[in-house]
Amino acid sequence: MNEYEPLEVIGKGSFGTVRKVKNKIDGTILVRKEIEYNSMNSHERNQLISELRILRELNHPNIVKYYKHDHLPDLKSIHIYMEYCQGGDLSHIINNFKKNNEKVPEEFIWSVMIQILLALYRCHYGIDCKKVNLFKNEQQHANSPIINQDSVIIHRDIKPDNIFISKTNTIKLGDFGLAKMLTSTNEFAKTYVGTPYYMSPEVLMDQPYDPVCDIWSLGCVLYELCCLQPPFQAKTHLQLQAKIKRGQVPEIDQEYSQQLRNIIKDCITVNPNDRPTCFDLINTLSIRFLRKEMELKELNVHLNEFKIQLLNKNDELKKKENYLSAQERKLKEMEIKIEEEFELRKRQLELEAKELRLTYQREFKLVVEQEVEKIKNTNTTYKLKGPKELEKFDGILKTL
Ligand code: ADP
Ligand code: MG
């Protein structure tokens with residue numbers, strides 16, 4: 001039996017439906033990508049298998065978490081279970097700001113930049129980025145981390161629709177459908193569906209490429225967050241290609257800081273060799289400071305959670321303590337009651353014993369009197385016993 005109850009459809013992917021599902025036991029909500037592989041050609045199928053392989057390896061707070069997948073041969077479908085991002089994707093956010101004629105706050109743009117860079121660091125270098133040490137300049141001590149070529153993942157499809165927002169406002173990179181391990185063949189531009197607004201010039205021209213193509217796309221997404229439209233737009237595919245190859249973008253509004261505008265401009269550098277890598281960006285001074293700030297905020301959140309846990313534990317302990325003292329009071333009351341009952345019973349028993357003794361004495365006295373009478377009245381007995389015996393009986397009678 002399937003442990004998930006299907007809920008509403010929340011999106012249409014290129015190969016199928018994206019649906020919310022609920023775990024029947026603990027009620028957790030996940031997202032299920034329902035893919036019918038029958039409608040795929042062998043290349044697309046390989047792409048899907050590669051997505052699953054990639055997702056399984058990625059465990060990072062800024063990457064949409066993959067849980068498991070089910071193969072349903074009867075339906076010719078594969079169901080992929082993933083973390084549900086309640087805040088939707090960045091394209092919705094951009095559309096909302098556009099509709100309301102509002103600017104996206106600079107702070108939010110920096111936070112998207114840093115969190116996607118942290119996700120890309122994990123993908124491009126196969127390891128998590130170290131926490132910031134403001135007293136040590138990482139770049140002075142090392143170049144980019146040593147890369148194990150087999151563990152390099154290039155996302156290749158970074159765009160607002162593939163950047164998600166969790167319930168707690170964490171930014172998460174998702175949809176690794178077009179991602180690849182560095183070792184597989186280079187046929188990406190041909191398999192791309194949709195308008196390649198965010199595609200780097202080298203990928204677009206089917207030239208050899210490396211992880212910095214993701215930096216170009218990230219630059220385009222950040223540009224769109226500032227200007228509410230992608231940096232390169234055109235009526236035809238060819239015109240778009242030409243614009244991307246030239247790499248000229250309209251200036252970003254001066255309302256945004258020079259630092260932010262410079263970083264975005266650097267990302268949208270046509271020559272991939274001149275473009276900053278994820279390592280370069282993550283170690284620039286402004287980003288290091290902001291990362292530190294984020295780390296401190298996170299630490300504060302953890303601390304507060306810990307405080308709440310402690311308070312809860314304290315409450316629990318107090319309740320237990322109260323319960324125990326109530327029990328103790330009850331026990332004391334019971335003890336007093338038992339003592340009182342015992343005293344009462346003791347007195348009753350004493351009275352009963354006294355009465356019993358009196359009755360017994362009375363009966364004994366009666367019997368003795370009767371015996372004496374009998375002796376007095378019988379001559380033979382009188383003679384046999386003699387006056388001495390009678391005196392003894394009288395003595396006993398007197399003591400009674
Ligand atoms: P594709 O890019 O193949 O078309 P996506 O994985 O990007 O498919 O999903 C399509 C849409 O489904 C997204 O734009 C988003 O609205 C929704 N969606 C996908 N994954 C999630 C998720 N983890 N949480 C919330 N919504 C999601
Ligand atoms: Mg997508």
Side-chain angles (χ1 to χ4, degrees), residues 4-23 28-41 43-56 58-70 77-99 112 115-116 119-120 123 153-180 188-199 203 213-214 217-218 220-221 224-225 230:
Y4 290 97
E5 180 192 333
L7 303 174
E8 74 267 22
V9 169
I10 52 166
K12 287 274 175 203
S14 26
F15 294 122
T17 311
V18 180
R19 182 195 294 284
K20 251 166 88 174
V21 293
K22 184 173 160 186
N23 187 306
T28 43
I29 303 283
L30 296 185
V31 147
R32 183 164 82 192
K33 227 173 162 177
E34 302 171 349
I35 297 163
E36 279 179 39
Y37 56 78
N38 210 24
S39 56
M40 289 178 173
N41 59 38
H43 181 80
E44 289 164 342
R45 239 179 271 182
N46 285 342
Q47 209 170 285
L48 175 64
I49 292 164
S50 112
E51 176 178 11
L52 292 176
R53 226 182 28 228
I54 290 168
L55 283 174
R56 225 176 310 174
L58 290 173
N59 218 339
H60 189 277
N62 299 114
I63 294 175
V64 177
K65 172 112 189 72
Y66 153 96
Y67 291 103
K68 61 156 194 168
H69 72 269
D70 280 343
S77 300
I78 288 180
H79 287 178
I80 309 173
Y81 289 86
M82 287 181 295
E83 169 184 12
Y84 170 51
C85 299
Q86 207 174 39
D89 60 50
L90 263 194
S91 68
H92 286 116
I93 301 230
I94 291 171
N95 281 339
N96 280 343
F97 275 101
K98 226 175 175 168
K99 238 186 356 213
V112 170
Q115 294 182 68
I116 294 302
L120 285 180
C123 294
I153 295 163
I154 309 179
H155 188 286
R156 301 199 295 182
D157 197 18
I158 291 179
K159 56 183 180 184
D161 323 42
N162 290 339
I163 295 174
F164 298 91
I165 296 131
S166 82
K167 192 165 83 180
T168 52
N169 281 331
T170 305
I171 306 294
K172 300 197 178 230
L173 184 58
D175 193 6
F176 282 73
L178 295 173
K180 70 154 203 158
F188 177 60
K190 288 183 205 119
T191 55
Y192 193 86
V193 277
T195 317
Y197 290 119
Y198 311 87
M199 198 182 271
V203 174
C213 71
D214 283 340
S217 308
L218 174 62
C220 294
V221 171
E224 186 166 341
L225 281 169

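Note: hydrogens, waters and symmetry copies are ignored here, and every other heavy atom, side chains too, is used. Whatever order the structure lists ligands and atoms in, that order sets their numbers, starting from 1. Residues take their numbers from the sequence shown, with the count starting at 1.
Distance check: Q86 CD to S166 OG gives 8.5 Å after rounding to the nearest 0.5 Å.
The closest approach between any non-hydrogen atom of K172 and ligand 1 is not below 4.0 Å. Not a single heavy atom of M82 sits less than 4.0 Å from an atom of ligand 1.
Among protein heavy atoms, the minimum distance from atom 21 (C) of ligand 1 is reached at F164 CE2, 3.6 Å. The protein atom (non-hydrogen) at minimum distance from atom 6 (O) of ligand 1 is K33 NZ, 3.1 Å. From the protein, the heavy atom lying nearest to atom 17 (C) of ligand 1 is V18 CG1, 4.1 Å. Nearest protein neighbour of atom 1 (P) of ligand 1, counting heavy atoms only, is D175 OD2, 3.3 Å. The single protein non-hydrogen atom nearest to atom 3 (O) of ligand 1 is S14 OG, 2.8 Å, given as residue, atom name and distance. The single protein non-hydrogen atom nearest to atom 23 (N) of ligand 1 is E83 O, 2.8 Å, given as residue, atom name and distance.
Taking any N or O of N162, backbone or side chain, at least one lies under 3.5 Å from an N or O belonging to ligand 1. Residue contacts with ligand 1: H92 is placed with no nitrogen or oxygen under 3.5 Å of a nitrogen or oxygen of the ligand (distance criterion only).
Side-chain contact check for I153 versus L58: some heavy-atom pair is nearer than 4.5 Å. Under the 4.5 Å side-chain criterion, counting only non-hydrogen atoms from C-beta, K22 is not in contact with Y4.
The atom name of the N/O/S atom in D175 closest to the Mg ion (ligand 2) is OD2.
None of R32, K68, K172 except one satisfies the salt bridge (charged side-chain N to carboxylate O under 4.0 Å, His left out) rule with E83; the exception is K172. None of L7, N23, V21 except one satisfies the side-chain contact (heavy atoms from CB on, under 4.5 Å) rule with I29; the exception is L7.
At a heavy-atom cutoff of 4.0 Å, ligand 1 is contacted by no atom of Q86, backbone or side chain.
Distance check for D161 against the Mg ion (ligand 2): none of its N/O/S atoms falls below 2.8 Å.
Ring centroids of Y81 and H69 are separated by 6.0 Å or more, keeping the two rings apart.
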Next item on the list: Let me see the working for D175 and K33 under salt bridge (Lys or Arg N to Asp or Glu O under 4.0 Å), right down to the final yes or no.
Entry: CA-CA 10 Å; D175 193 6; K33 227 173 162 177; 3.3 Å; yes
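Electrostatic pairing of R19 and E34 counts as a salt bridge here, judged by a charged N lying under 4.0 Å from a carboxylate O.
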